[in-house]
Amino acid sequence: MRVPVIAGNWKMNKGPKEAAALINELKPLVKDAEATVVVCVPAVDLHAAKQALRGSKIKLGAQNVHYKESGAYTGELSAGMLREAGAEYVIIGHSERRQYFGETDETVNLRVKAAVQGGLIPIICVGEKREQREAGYTDTLVTYQTLIALTGLTGDEVSKTIIAYEPVWAIGTGLTATDEQANETIAVIREAIRAKYGKRVSNKVRIQYGGSMNPKNVKGLMAQPEIDGGLIGVASLKAADFSQVVNNSK
Ligand code: PGA
């Protein structure tokens, strides 16, 4: 009943010309997709990507958003600016932002609220590091990361957000959580949302898996009942790979 959502996270790859070329290659390959397909491109590519996406159902996303509408925040971009440039989705709290740019659960929450108020659909990333999994903290950690990120939203708003469960040890490493590990942890996240916002909300919210998802492992992951799609890094940079992930995500 939940429509899967497959989102490409291009990270710091490709300028406007290459972005348009990749989108033009991708469009015919995913034209029959049943999933919601999103490409989260570098902000400087939004304009070119928007133009290249004309006539396609593929949605456009950004990779971060600031929590103020405007002001003296050098280098930052507001939800309004991203909307105007064509974005409908935005990744928030990616582990690379937490690791390299000091993002915290509190700033993630501020950004989530700003995104929702500004009309963007947030793709909120949560996930444990290897040592946290080994210490047995995964469930507690993802529960709190999720609930803090969503603080201040109404149930209705929560039901429209997308959560990406991304174990940090699986990102860009070629290591994937097993199908069962990913399903179990996503079930924990959904249960946390149910306990706080009720079943109507938890049944609607889409929770993706992310971390080395690719054409080979997508079917097994997507066969799990709790997994509603994927946030795809490396495999989103090649049209052939990304389209295979999309087309095998039913
Ligand atoms: P990966 O990245 O697919 O390259 O592991 C996923 C992500 O960081 O969202």
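Counting convention: from 1, in listed order, for ligands and their atoms alike.
Enumerated by chain and number, the residues approaching ligand 1 to less than 4.0 Å through a heavy atom are N9, K11, H94, E166, A170, I171, G172, G211, S212, L231, I232, G233, V234.
Both W10 and F242 are part of a single hydrophobic cluster, where members link through side-chain heavy atoms under 4.5 Å apart. When hydrophobic clusters are built by joining Ile, Leu, Val, Met, Phe, Trp and Tyr residues whose side-chain heavy atoms come closer than 4.5 Å, directly or via intermediates, M222 is not grouped with V234. There is a path of hydrophobic side-chain contacts, each under 4.5 Å, that joins I232 to I92. A continuous path of ILVMFWY side-chain contacts below 4.5 Å connects V30 to L53, so both sit in one hydrophobic cluster.
Contact check on R200 versus D156 returns a salt bridge, with a Lys/Arg side-chain nitrogen under 4.0 Å from an Asp/Glu carboxylate oxygen.
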Which atom pairs, one a donor and one an acceptor, fall under 3.5 Å between side chains of residues 63-73 and the rest of the protein, sequence neighbours left out?
residue, atom, partner, partner atom, Å
Q63, NE2, K11, O, 3.1
Q63, NE2, C40, O, 3.1

